[in-house]
Every structure is written in C-alpha cells, then in structure tokens.
Student: 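For reference, the structure I am asking about is given below.
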Amino acid sequence: MAAATVTSTTTSSCSSYYYLLCCFFAAAVCLIAPSLTTGVDAGPLDANLTAELSVDASFRRPIPSTLFGIFFEEINHAGAGGLWAELVSNRGFEAGGPNTPSNIDPWLVIGDSSSVVLSTDRSSPFERNKVALRMDVLCDLESCPSGGVGVYNPGFWGMNIEGGKKYKLVLYVRSLDSIDVSVLLTGSNGLRTLATTIIKGPASAVSDWTKVETLLEAEETDHGARLELRTSKKGVIWFDQVSLMPEDTYKGHGFRSELVEMLEEIKPRFIRFPGGCFVEGEWLRNAFRWKESVGPWEERPGHFGDVWMYWTDDGLGHYEFLQLAEDLDTVPIWVFNNGISHQDQVDTSSVLPFVQEALDGIEFARGDASSKWGSLRASMGHPEPFKLKHVAVGNEDCGKKNYRGNYLKFYEAIKRAYPDIQIISNCDGSSRPLDHPADYYDFHVYTDASNLFSMSHQFDHTSRSGPKAFVSEYAVTGKDAGTGSLLAALGEAAFLIGVEKNSDIVEMASYAPLFVNTNDRRWNPDAIVFNASKAYGTPSYWMQRFFAESSGGYLVNSTLVTSSSSSLVASAITYQDSKDRNTYLRIKVVNFASSTVNLKILVSGLGANTVGLSGSTKTELTSANVMDENSFQQPNKVAPAQSMLQNAGKDMDVLISPNSLTSFDLLIESNSIWTRRSDPLVSVM
C-alpha cells in the first residue's frame, strides 16, 4: 500500500472529447452518460435498458484455487487494538523509546503527586525491552485516598469487557518490600468495578522479577473499560509486561473472534501479510523485522511503525500470521523487506544480510523442528512446518534504484534453497515483459469508481506467457469511496469480474486495506470497520462475498449484448457448494447505471442437466443512493438481500436494479455426473 496520495494507474475510459461531443449532439445521451460513468441518478428521462446474456455451460475453464484472498497490513490499528485481542496498549512501557525517563502513554496515574509518582527506568528482566514502570507510593493505608493510588490503562480507546466472560491477566512485578496490589477492571471513569483480584506477596517472593498470572471474571459489561493497578502500601513497586487477553479468542490463538469470523465468510484462499508499507518503513530502522516478532511475547521489543505513525508491541508477529493462515485454511504469502524503505535503501553489494534474514524467516516457517529457526517455531507450539510456498520481495519498490539488483540476490538465494517457493516481483508485467525472473508480478490499483469499472478489461490483452499476475491491492478511493460506499463496491465488483474472466493469467487478487479501527483512520475506505466492541462490513466487504465461491470453481463462457455497452458487466461460473454439495451456476451482474435493466438470460450446454425449479436464489447488493454507507448505527444499510428465484430456468427474464451487484445461483439438477475438466462439459450417463 502506498503511503502517498493515491492516483489512478490508467486513464479514464470516457474521454473528455467524447463527453463534450455527446452533450453537444444529444441532450438525452448527455443525461445517460454520467450515470454510466459515475453510477449517479441521471434523471427522469432514463428509460429501462435491455440486455441479453448467453451462457454456454459446455465450455468452461478451471479458476485457480487461490484466486480471491485477503491482504492484512498493520494500518489503522488493524492488528494492535484490533485483530490481535490484546487489551492493554503499550503493555511493556516501551512505546516511549529506550531512553528514560520516557512517555508511558496511554497509561495514566491514579492519585496526585503528593501520593504517587510514576516514572520509567531500565530495570526490566528482558534484554530486548529494558524499560519498566517504577511506581513510588508516598502514602500509606491511613493517608492514601480511598481505594489507593496507582496506574490505569484504557486500552485501545476502551477495553471491551463483557459480563460473565473471563480475562487472562499476566504481569511481572518486583519490589523491595511486601506487596498488596488490587487489580481491577472498571468502567471508563473508574467508578464501577467489573472484576477484581488482589496480588499479595512477601518481600522474599518479589525481590526479583516475578510473573503473576490470574483470571478475572467480569460481573458486568462495559465497552469502554480500563485496567487498574492500585495499592495503599507505601514503598516502590516495579511493573513490566502487563497483558490482558480475553479467554475466548479465535481457536485459542489470540485473535479477536468476531473479526476472524468475518474473514471466514469471505472464504479467503490466501492471506498476504504483514504489509504493505508497514514492511518497508519510512526508514529502514523502523521497518518490520520478523525476528523481533517471534519467541515469547514478553521478550519482543516492539517497534514504532513510522509510516502509519503508531507503536506496536508485535504480539501479532511472524508466527501468529502463519498460524492465522493455517486457522483459516488458506495460503500464506509472506512479504519481507528487501533492504529498501521509503527514504533509504541498502546497496546491492551490501544486501546479503537482508537475504539471509529472509532465508531464516522461511526456515522458521518450513524448517524441520531440529533446525535453528524451525526449533524456535516448535518451541512456540508448532512442531510441524507451516505451508509457506509464496513470498514477495518487498512492496511497491520496483522503481527504486536498487530494487532490481537486490531482487535478483533474493531470487537466486531463495530458489537455490527452496526451489518450490513462488517468488513475487514488485514490478508490473501486465503491459510489458519483466526484465527479471519471477513466478508472479504484483499489480496495485487505487482509483475512482468509473475508472475501476472500466478496468474490467484490464487484463484482456495481457500476454499469457511468463509470470502470472497477483493483484495484491485494489480499491476505489477518493470522493467516490467516502468511508465505504455502494458506488465503490460496484466499481470493484466490475473489476473483479474482469479478474475472474482473466483468471488464466491473474491467479490472485485481494482488497486493501482490510481493517480500520474507527478511532484511527489512516486510510479510507476499508473492508471491515470496528471499535472495541462492534464491527461491520462496508459495501466493499459484502461485495467480496459474491466472489467467495469463485476460487476453485469453473469459469463458464458467457456473452453479454446490451443496448448500452458501458453500464453492464457480467460473468458466469459453476461451483460446488461446500455445505449441501450441490452444483450451482452463479451468474453475477454489475449494473453501473441508474436505470433498471431488463435482462434475458439464456443458458445452454447443460447436456442432460437442467436448472432446478426450486433451490435457486437471487442475491442483490444495492441501496437508494450510490453513496450510501454502513455504520455502527446502521451496519446493514447496504448489505446483500437474498430471495428465492421464482422463474429459475434455462430461459429467464429478470430485472437488474439500478446501481446494483446481483448474483443468480441456479441449482443444477441431473442424474448424470459432471466430469470436472477444462474441455467442454461432458455428461456421463
């Protein structure tokens, strides 16, 4: 993902010359043309459009099993305070930097300076993160305020604490005296107690750093809660690595369940991680380094991401991304730094240490449990190798001085050690051949809705020889998108239909960005919006669900004839439903105009098979206004509506709503067997 202002990668399909000409010669056409390019209402003179879609099911081509997936980047607090379920922000007190005294934000004092003083020093027991919190308590049981003094953490804009649920607290504590510390989960103002426990110990038990673990069970719910550490005992107490995690994370692996469940619904076939610009860094000194993100969480130093400008403890690290890919039963695609950031880059003559770091990262994922880095993975709980077979050398670095030289060093070393790994180049090979070897080339596009709609033909004439295309970042941006509009989703849907039709050359595609914490919008729009307690999908999220069955399905030959060729895009696939095991023909249609379309669908080539009169459905994504968005108040304002298809058959007349994405899932019934092959469909009796 580019940190700079995004721009179109192609020119508009509707030139200004054409637009002026149409306005001059035909006022009626002028009223229609804006609706075809922007999806906005064109006025009362619009008449219904007509179109015919011929689907020949006897000719089909397999769609790659990896076609549609997801791209996770640590942006918008997508991981820290989001997908990663850790509730404490700056849990290790390292966010203020390695020098002390330092800023401990967002931790805040409970009490005044006459009763308690908070500071930091470098006394932590962990070598890679030496900063710890020192709390000098100046009052005692008689002079301290009621409830004691201490420190509290509000989490990431409030902690979501739910009554009846349990939360695992881990912290490290040290003191020269005995301790008596109350641990509380309270409401946002500290007045309402949701859960509490007490940590007590003699001086002999806490004179060295001691790990404390306990479960807190909440009695009440508060979506903006905070964690408090209080005492009324005079003396000095040190705290470090204070963590609070809900017990019910996704598959017990530390991920926020409802967010991962939303990903499950997309049925992603790959996950690209961890960036994006997050991988590069504004400067190399702040780039994400995988070795700093593995091992026990307490020992990870964390780092400041200077592109998106916030601190991450890196609890969501290299291991966790690989684990998430496994949990989702999807292909991991690791993007690593190739010695290049936004502002500085390593000369090719000095890049070999970066190459070795990438090789070590692959060994961590794939190496035997007896290998150096494979043994670390095994010690973290995964003795079996992860299925890492795709890596990307850098992100958006193609035009930079040292990229080609650095890339070749990585390519040669990785292919020598791991011949089966598929390597992705940052350079776009869709319009001209690459000047270096690669298995895939990367293609990114951020543009307006009409332009992306027109790019449904982007890959029609791309060479079929050489590396495959990976559209790892696409989205409608700018005023068309808002914070996630229907208009944006329609432009994206048309583009994906083009990707689907060209899936003999495009093997993978993913939307970007995936997540945004509404309290820290660094980029608009995003697929999934969340805060501490709620989440909803934007229209672009719902759009992706229309393509959930495409990967591993079959593209069916389809021909669209319209009265206006600019406003309609369609495709047809067959797939086997994973639940009922039935075979369906799915026809997807994007109507980018503000007029209803009378569409005739003609299906042929089914052989002995037929379209079931029952069991077929219509699903539609539309709204009253193309700029409509979802929100926490109206999370499903723009969401798919499904209904039974009453006139299902080989010959159907259907209405396509204005500004809509529609799919028709036709149940294919037969007593015969369909052989799954790329030749014409064969019916075997």
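In what follows, every heavy atom counts, from backbone to side chain, and hydrogens, waters and symmetry copies are set aside. Residues: numbered from 1 along the sequence shown.
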Student: Say whether, by atom type as modelled, one donor and one acceptor occur between the side chain of Arg230 and the main chain of Ser182 under 3.5 angstrom.
Tutor: no
Student: For Leu176, does its backbone N or O pair with a side-chain atom of Ser207 as donor and acceptor, under 3.5 Å?
Tutor: no
Student: Examine the side chains of Glu162 and Thr221 and answer whether a donor and an acceptor come within less than 3.5 Å of each other.
Tutor: no
Student: On the 0 to 90° scale, with breaks at 30° and 60°, tag the Trp290-Phe364 ring pair as parallel, tilted or perpendicular.
Tutor: tilted
Student: Within the 3.5 Å criterion, strictly below it, is a donor on Thr348 or Asn406 matched to an acceptor on the partner's side chain?
Tutor: yes
Student: Has the side chain of Ser143 got a donor or acceptor atom that lies under 3.5 Å from a matching backbone atom of Cys139?
Tutor: no
Student: Describe, in one word, how the ring planes of His303 and Phe278 are oriented to each other, choosing from parallel (under 30°), tilted (30 to 60°) and perpendicular (over 60°).
Tutor: tilted
Student: When you measure from the side chain of Asn90 to the backbone N and O of Pro106, does any donor-acceptor pair fall under 3.5 Å?
Tutor: no
Student: Under a 4.0 Å N-O cut-off, is there an ion pair linking Arg366 with Glu363?
Tutor: no
Student: Which of parallel (below 30°), tilted (30 to 60°) and perpendicular (above 60°) describes Tyr319 and Phe386?
Tutor: perpendicular
Student: Is there side-chain contact between Ser89 and Trp311, with at least one heavy-atom pair below 4.5 Å?
Tutor: no
Student: So Cys277 and Asn395, do their side chains get closer than 4.5 Å, heavy atoms only?
Tutor: yes
Student: Is it true that Arg272 and Glu73 make a salt bridge, defined as a side-chain N closer than 4.0 Å to a carboxylate O?
Tutor: no
Student: May I ask you to check whether Gln323 and Asp327 show a side-chain donor-acceptor distance below 3.5 Å?
Tutor: yes
Student: Are Asp112 and Ser115 close enough that a side-chain donor and a side-chain acceptor fall under 3.5 Å?
Tutor: yes
Student: Can a side-chain donor-acceptor contact be found between Asp121 and Trp238 if the only test is distance below 3.5 angstrom?
Tutor: yes
Student: With a cut-off of 6.0 Å (strictly less than), are more than 12 heavy atoms of other residues, nucleotides or ligands near CG of Asp140?
Tutor: yes
Student: Are any of the side-chain heavy atoms of Phe72 and Phe515 separated by less than 4.5 Å?
Tutor: yes
Student: Does Glu74 reach the main-chain N or O of Ala80 with its side chain, forming a donor-acceptor pair under 3.5 Å?
Tutor: yes
Student: Please determine if Lys291 and Asp360 form a salt bridge, counting it only when a charged side-chain N lies under 4.0 Å from a carboxylate O.
Tutor: yes
Student: Applying the side-chain hydrogen bond (donor to acceptor under 3.5 Å, both in side chains) criterion to Asn76, which one of Asn519, Asp526, Asn524 satisfies it?
Tutor: Asp526
Student: Regarding Ser243 and Glu86, is there a side-chain donor-to-acceptor distance under 3.5 Å anywhere?
Tutor: yes
Student: What I'd like to find out is whether the side chain of Arg192 reaches to under 4.5 Å of the side chain of Thr186, using heavy atoms alone.
Tutor: no
Student: In Å and rounded to the nearest 0.5 Å, what is the CG to CG distance from Leu169 to Leu227?
Tutor: 6.0 Å
Student: If we only count heavy atoms from C-beta on, is the Val242 to Val170 side-chain gap below 4.5 Å?
Tutor: no
Student: I'd like to know whether the aromatic ring centres of Tyr310 and His77 sit less than 6.0 Å apart in this structure.
Tutor: yes
Student: State, without any angle test, whether Ser341 and Asp344 hold a side-chain donor-acceptor pair at a distance under 3.5 Å.
Tutor: yes
Student: For Trp107 and Tyr152, I'd like to know if the aromatic rings sit close, meaning centre-to-centre distance below 6.0 Å.
Tutor: no
Student: Could you tell me whether Glu213 atom CD has more than 12 heavy atoms of other residues or ligands within 6.0 Å of it?
Tutor: yes
Student: Would you say Glu258 has more than 12 foreign heavy atoms packed within less than 6.0 Å of its CD?
Tutor: yes
Student: Please examine the side chains of Leu133 and Asp240, heavy atoms only from C-beta on, and report whether any two atoms are closer than 4.5 Å.
Tutor: no
Student: When the aromatic ring centroids of Trp523 and Tyr446 are compared, is their separation below 6.0 Å?
Tutor: yes
Student: Would you say the side chains of Glu261 and Tyr250 form a donor-acceptor pair under 3.5 Å?
Tutor: no
Student: Determine, for Glu298 against Arg300, whether the closest basic-nitrogen to carboxylate-oxygen distance falls under 4.0 angstrom.
Tutor: no
Student: Are side-chain heavy atoms of Leu322 and His382 found at a separation under 4.5 Å?
Tutor: no
Student: Are Arg134 and Thr120 packed together at the side-chain level, in the sense that at least one heavy-atom pair is separated by less than 4.5 angstrom?
Tutor: no
Student: Asn531 side chain to Asn517 main-chain N or O, any donor-acceptor pair under 3.5 Å?
Tutor: no
Student: Ion pair present between Lys400 and Glu280, side-chain N to carboxylate O less than 4.0 angstrom?
Tutor: yes
Student: Are Arg522 and Trp308 in a cation-pi contact, defined as NZ or CZ under 6.0 Å from the six-membered ring centre and within 45° of the axis?
Tutor: no
Student: With a 3.5 Å cut-off and no angle check, do the side chains of Asn630 and Thr538 form a donor-acceptor pair?
Tutor: no
Student: If you count the non-hydrogen atoms of other residues, nucleotides and ligands that lie under 6.0 Å from NZ in Lys251, is the total more than 12?
Tutor: yes
Student: Between Glu326 and Lys387, is there a salt bridge with N-O shorter than 4.0 Å?
Tutor: no
Student: In plain terms, say whether Glu217 and Lys165 are close enough for a salt bridge, that is, a side-chain N and a carboxylate O under 4.0 Å apart.
Tutor: no
Student: Is it true that Phe336 and Trp334 have ring centroids separated by less than 6.0 Å?
Tutor: yes
Student: Counting only N and O atoms by type, is there a donor-acceptor contact under 3.5 Å from the side chain of Lys200 to the main-chain atoms of Ser178?
Tutor: no
Student: Between Trp283 and Arg285, is there a cation-pi geometry (under 6.0 Å to ring centre, at most 45° from the normal)?
Tutor: yes
Student: Would you say the rings of Phe273 and Phe321 are close, in the sense that their centroids are separated by under 6.0 Å?
Tutor: yes
Student: Hey, does the side chain of Thr330 reach the backbone of Ala325 with a donor-acceptor pair shorter than 3.5 angstrom?
Tutor: no
Student: Counting heavy atoms not belonging to Lys233, are there more than 12 under 6.0 Å from its NZ?
Tutor: yes
Student: Check the surroundings of atom CD in Gln343: do more than 12 heavy atoms from other residues, nucleotides or ligands lie under 6.0 Å from it?
Tutor: yes
